[in-house]
Amino acid sequence: MRKLIFILIFCGVNLGIAAQDIKFTATAPQVVDLDKRFEVSFTINTTNVSDFQAPTFRGVQILSGPNQSRSTSMSFINGRQTGGSSVTFSYWLQPIATGTINIAPAKIKAGGTTYTSNALSIRVEQNASSSSGRQNSQSPQGRNQQPTQVNLDNKTLFVRAIPNKTNVVPGEQIMLTYKLYTLVSVSQYQIERSPVSKSFWLEELDAQQQPQITKEVFDGRQYNVATIRKVLVFPQQEGNLTIEPLSLEVTAHVQTKRNRRNTGDPFFDAFFNDPFFSSMFDIQDQPIQKKLVSNSVSINVKSLPNTPNNYIGAVGNFSLSSSIDRTECKENEAITLKYTLSGTGNITLIDKLPIKLPSDFEVYEPTITDEIQKSENGISGKRTFEYIVIPRQEGKFVIDSLAVSFYDTETKQFKTLTSSKYNLTIGKGKESEYMSEQRSEREKYRNMELLPIKQIRNLQNPVINPFSGLWFWLLTILILILSSAFILFEYQRKERNKDIKAVRLRKANRVALKRLRKAQMLLQKHENEAFITEISQSVWNYLEDRFSIERFALSKERIIATLTSFDIEETLINDLIALLERCEMLRFSSEKTFEQNEILYSQALTAISELEIQLKTKLK
Amino acid sequence: MNKKAFKFLFFAFCILFSAFSVAQTNENLMKKAETLYNNQDYEQALAVYLTLESKFAADWKLNYNIGNTYFKLADFPHAILYYERAKKLNPCDKDLNENLKITNARLKGETYALPDFFVWTWIKTISGQFFPKTWAIITLFILLLACCGFYLYYFAKQYKVFTFYLFVFLSILTLFSFSMGLTRSYLINQSDYAVIFDANGIIKDENTEQTYGKQKNIKLFNGEKVQIIEKQDKFLIIETPDGNKVKITPNALQII
């Protein structure tokens with residue numbers, strides 16, 4: 001039994017490993033307090049990640065972030081190593097107003113696949129911490145031990161903001177260091193609100209996890225000093241500017257005598273109230289939370305004298321290089337033109353270069369790639385502007401050297417950077433009709449507005465291949481079978497009808513044969529005179545019997561009238577009359593041949609049988 | 001007419017067989033996304049649309065809307081990807097083709113597509129008029145008519161020649177609509193086209209140049225639609241619309 005459980009657990013663990021797939025999750029408290037900061041973190045359970053794309057945070061102020069941290073958990077179960085590692089990107093955010101904050105999913109690439117996190121919805125309330133059990137990860141002392149609010153002296157614990165210079169020009173970087181001065185031990189601090197202003201651009205330097213403690217003498221006292229934050233400040237305006245103070249919440253530890261509660265147990269109390277123990281246990285390390293506010297920093301931003309026309313706003317020390325991928329090509333072929341600005345200074349604030357191209361060239365918005373390092377010496381690195389240029393005309397062209405100026409903070413004067421000049425030879429391209437057509441179409445659509453989204457009434461995945469579906473072939477077979485069955489049925493019915501006709505025809509023939517039997521005998525005996533009389537007589541007799549007309553009333557007119565009243569076809573009536581007339585004529589004629597008589601006989605035969613058939617159908 | 005009948009049938013089936021509540025939540029999500037889009041909150045709208053896409057990847061209108069949302073977020077390559085996916089499912093929608101052209105005009109790069117052989121263009125246009133299922137129904141309907149034509153011809157006393165040709169014509173029409181439907185479902189099923197997302201993913205390789213001819217300075221750009229010629233584990237060979245063939249890493253593109 002124990003073995004079985006062991007195996008089950010073992011299998012379970014294995015399954016757990018096998019089923020582990022990459023998850024990218026966003027976490028944040030559901031409810032936050034309006035004046036408390038909170039953390040939003042995006043965690044992915046793999047370490048091989050790249051291209052973290054944070055969502056745009058709306059309705060909040062970003063205090064810090066993205067702070068990247070990696071964690072690895074490992075455990076050994078039955079000699080097998082399990083566990084995983086994860087990467088977390090976290091942000092500290094400060095709500096601006098009550099309401100709901102929606103945080104869109106973040107994106108990350110891991111192993112070639114892009115993962116999207118879940119979206120978050122956070123409610124901001126006026127006093128959330130009292131109404132709901134919010135987890136405040138920043139106060140590890142928690143609710144069990146209520147920190148006592150003791151006012152620590154402003155000279156015991158304070159924060160200073162120290163700029164490395166106060167007289168600058170717009171765009172010049174200032175290193176602002178926030179230092180925490182303390183005489184007591186501090187276990188924790190949290191930046192509550194950092195200054196934000198339109199007149200400054202701030203670049204946060206990556207904060208160290210554990211600030212190093214140094215000793216420093218200030219106002220005649222020796223303090224423990226921790227550098228808690230370093231910011232690069234780039235003023236964007238001229239004049240006297242003030243950087244707002246930074247506010248900070250600190251957990252300090254003050255050693256106080258414990259005010260012991262009696263437990264009620266005389267032995268226990270007596271034991272611990274013993275002077276020996278009291279010296280060991282009564283001095284208690286008491287955490288105290290305190291809000292600190294730094295000094296504000298005022299900075300004098302001087303205006304730059306005589307700014308040149310090609311000044312791009314760069315302040316620092318820079319160099320410019322350029323490259324082109326080819327100088328000879330054909331019309332409408334793309335040329336890549338690269339300008340790289342490298343150096344130290346406000347490089348990230350430069351987003352365009354004043355390039356000038358011949359008018360027959362089309363240029364797209366540049367693609368900007370950065371290789372930037374942030375350090376205590378400021379921002380340095382390089383920014384590459386990649387322009388895709390398309391010549392539209394053949395000929396020889398010159399891309400003039402680009403001249404841009406920057407303000408050198410060392411020498412305190414403007415310097416001009418120039419790039420290389422390029423001579424281009426553009427050959428006649430293979431311009432076909434379809435090319436110019438496509439180009440004019442592109443031109444037409446370039447600045448058009450997008451058409452609106454579609455209203456979807458019901459989402460559906462359409463059947464992609466109905467021809468491999470059973471229903472299609474079933475219906476096809478059904479249609480074919482039904483049609484053939486129908487045709488077969490119709491065919492058989494016709495056949496049956498044909499049979500009836502044949503019977504009728506036989507009957508009619510019999511009648512006619514009976515009537516003309518004597519005439520046939522006479523025909524074979526070559527008795528012409530008698531034959532013709534007999535034919536005529538037989539037809540008359542037949543008509544007399546068939547229509548029950550008295551012999552004396554019988555005449556051609558009467559016959560025609562009677563037959564018409566029976567709806568007999570006119571041709572047949574005419575044939576019959578013609579036959580009678582012919583008999584009459586032949587009776588008095590001298591030339592009588594056997595062949596003629598034979599024709600006469602067959603005519604009479606068909607006339608009677610035909611009449612018989614028609615009468616049968618009509619009388620029905 | 002036939003399309004409407006089919007829609008009606010489908011709707012009836014939906015009511016009968018699908019979980020009504022699930023449809024309801026999807027509808028709510030759709031409305032939410034629409035509202036977010038109209039309020040210009042494109043990121044949120046995109047998130048909602050993408051959750052819907054995981055279930056209804058073959059709904060062309062959804063793909064169209066995602067394309068629009070990406071466009072508004074200025075992510076043109078993704079917009080192209082989703083418009084092309086929508087176009088694969090419904091190639092003849094006017095708005096869709098218009099938006100695709102607008103997006104193409106905003107890409108950072110251009111290519112001149114060699115025109116297709118005109119017969120192939122016709123076939124694509126005609127087959128694109130209906131969904132495969134509609135083609136299947138049309139095929140069955142014309143087959144029925146052809147059977148009637150045969151009946152008429154077989155039992156006709158007069159107009160025997162006319163009814164014979166009518167029957168032949170209807171038979172050919174049946175085969176035609178069947179092959180159109182097959183073409184349509186082939187075009188939807190195939191995954192030969194892709195959109196470039198990393199224009200620098202070209203692998204320089206002598207062998208490829210030998211096979212496909214040496215072409216200097218082939219440039220790709222993000223959002224370009226290319227055809228996949230050869231698929232391998234570690235690389236792909238693609239053909240750009242203007243007829244150049246390049247070796248590329250599989251990560252550099254996404255299949256439409």
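In what follows, every heavy atom counts, from backbone to side chain, and hydrogens, waters and symmetry copies are set aside. Reminder, nothing fancy here: chain letters follow the sequence lines and each chain counts from 1. Fair warning: this is a prediction, and the values are worked out from it, not measured in the lab.
Side-chain atoms of Ile453(A) and Glu34(B), non-hydrogen and from C-beta on, do get closer than 4.5 Å to each other. A heavy-atom distance below 4.5 Å is found between the side chains of Asp93(B) and Lys454(A). The side-chain heavy atoms of Val463(A) and Pro132(B), taken from C-beta on, include no pair separated by under 4.5 Å. Looking only at side-chain heavy atoms (C-beta outward), Thr139(B) and Phe472(A) come within less than 4.5 Å of each other.
Asn458(A) contributes atom CG, which lies 8.0 Å from atom CD of Glu27(B) (distance to the nearest 0.5 angstrom). To the nearest 0.5 Å, atom NZ of residue Lys31(B) and atom CD of residue Gln455(A) are 9.5 Å apart. Here the CG atom belonging to Leu140(B) is positioned 5.5 Å from the CG atom belonging to Leu475(A), to the nearest 0.5 angstrom. Note that CD of Glu449(A) is 12.5 Å distant from CD of Glu98(B), once rounded to the nearest 0.5 Å. Rounded to the nearest 0.5 angstrom, Asn68(B) CG and Leu450(A) CG are separated by 4.0 Å. Atoms OG and OH, on Ser483(A) and Tyr151(B) in that order, are 11.5 Å from each other to the nearest 0.5 Å.
By the neighbour-count criterion of 12 heavy atoms within 6.0 Å, atom NZ of Lys72(B) is densely surrounded, having more than that number from other residues, nucleotides or ligands. Other residues, nucleotides and ligands contribute more than 12 heavy atoms inside 6.0 Å of the NZ atom of Lys108(B). For Glu365(A), the CD atom sits in a loose shell: 12 or fewer heavy atoms of surrounding residues, nucleotides or ligands are nearer than 6.0 Å.
Contact of Tyr364(A) with chain B is made through the side chain alone, with heavy-atom distances under 4.5 Å. Looking at Tyr37(B), the atoms closer than 4.5 Å to chain A (heavy atoms on both sides) all sit in the side chain, from C-beta outward. With a threshold of 4.5 angstrom between heavy atoms, Phe221(B) does not approach chain A through any atom at all. For Glu333(A), no part lies near chain B; criterion is any non-hydrogen pair under 4.5 Å. Interface remark: Asn447(A) contributes backbone atoms only to the contact with chain B (heavy atom separation under 4.5 Å). Lys494(A) touches chain B through its side chain: at least one heavy atom from C-beta onward sits under 4.5 Å away, while N, CA, C and O do not. At a 4.5 Å heavy-atom cutoff, the contact between Ala57(B) and chain A is made by backbone atoms alone. Using a 4.5 Å cut-off between heavy atoms, Leu89(B) touches chain A through its side chain atoms alone. Tyr49(B) touches chain A through its side chain: at least one heavy atom from C-beta onward sits under 4.5 Å away, while N, CA, C and O do not. Leu107(B) touches chain A through its backbone: at least one of N, CA, C or O sits under 4.5 Å from a heavy atom, while the side chain does not. Heavy atoms of Thr367(A) lying under 4.5 Å from chain B belong to its backbone as well as its side chain. Proximity to chain B (any heavy atom under 4.5 Å) is restricted, for Ile390(A), to the side chain, taken from C-beta onward. For a residue to count as touching a neighbouring chain, one of its non-hydrogen atoms must lie under 4.5 Å from one of that chain's; by this rule Lys107(A) touches chain B with the side chain only.
A donor-acceptor pair under 3.5 Å is absent between the side-chain atoms of Asn465(A) and the main chain of Ser185(B), judged by distance alone.
Interface check for chain A: of the options Asp41(B), Asn251(B), Val48(B), Leu114(B), the most heavy-atom pairs under 4.5 Å are formed by Leu114(B). Contact count against chain B (heavy-atom pairs under 4.5 Å) is highest for Pro452(A) among Ala104(A), Pro55(A), Pro452(A). With chain A as the partner, the residue from Cys147(B), Ala47(B), Ala146(B) showing the most heavy-atom pairs under 4.5 Å is Cys147(B). Comparing Thr336(A), Leu480(A), Ile388(A) by how many heavy-atom pairs each has under 4.5 Å with chain B, the most go to Thr336(A). Interface remark: of the candidates Leu96(B), Asp95(B), Leu46(B), Asp95(B) forms the most heavy-atom pairs closer than 4.5 Å to chain A. Comparing Ile102(B), Asn189(B), Leu143(B), Leu62(B) by heavy-atom pairs within less than 4.5 Å of chain A, the highest count is held by Ile102(B). Options Phe467(A), Trp471(A), Phe486(A) differ in how many heavy-atom pairs under 4.5 Å they form with chain B, and the most are formed by Phe467(A).
Nearest heavy-atom pair across Ala105(B) and Arg442(A) is CB-O, 3.5 Å. Residues Asn99(B) and Leu451(A) come closest through the heavy atom pair OD1-N, 2.9 Å. Contact record, Ala58(B) with Pro462(A): O-CD, 2.9 Å, taken as the closest heavy-atom pair. Shown here for Ile487(A) and Phe155(B), the closest heavy-atom pair between the two residues is O-CZ, 3.5 Å. Considering all non-hydrogen atoms of both residues, Arg106(B) and Met448(A) come closest at NH2-O, 2.9 Å. For Thr111(B) against Gln438(A), the heavy-atom pair with the smallest separation is O-OE1, 3.7 Å.
The aromatic rings of Tyr491(A) and Tyr154(B) sit tilted, their planes meeting at an angle between 30° and 60°.
Between Lys101(B) and Glu441(A) a salt bridge is recorded (basic side-chain N to carboxylate O distance below 4.0 Å).
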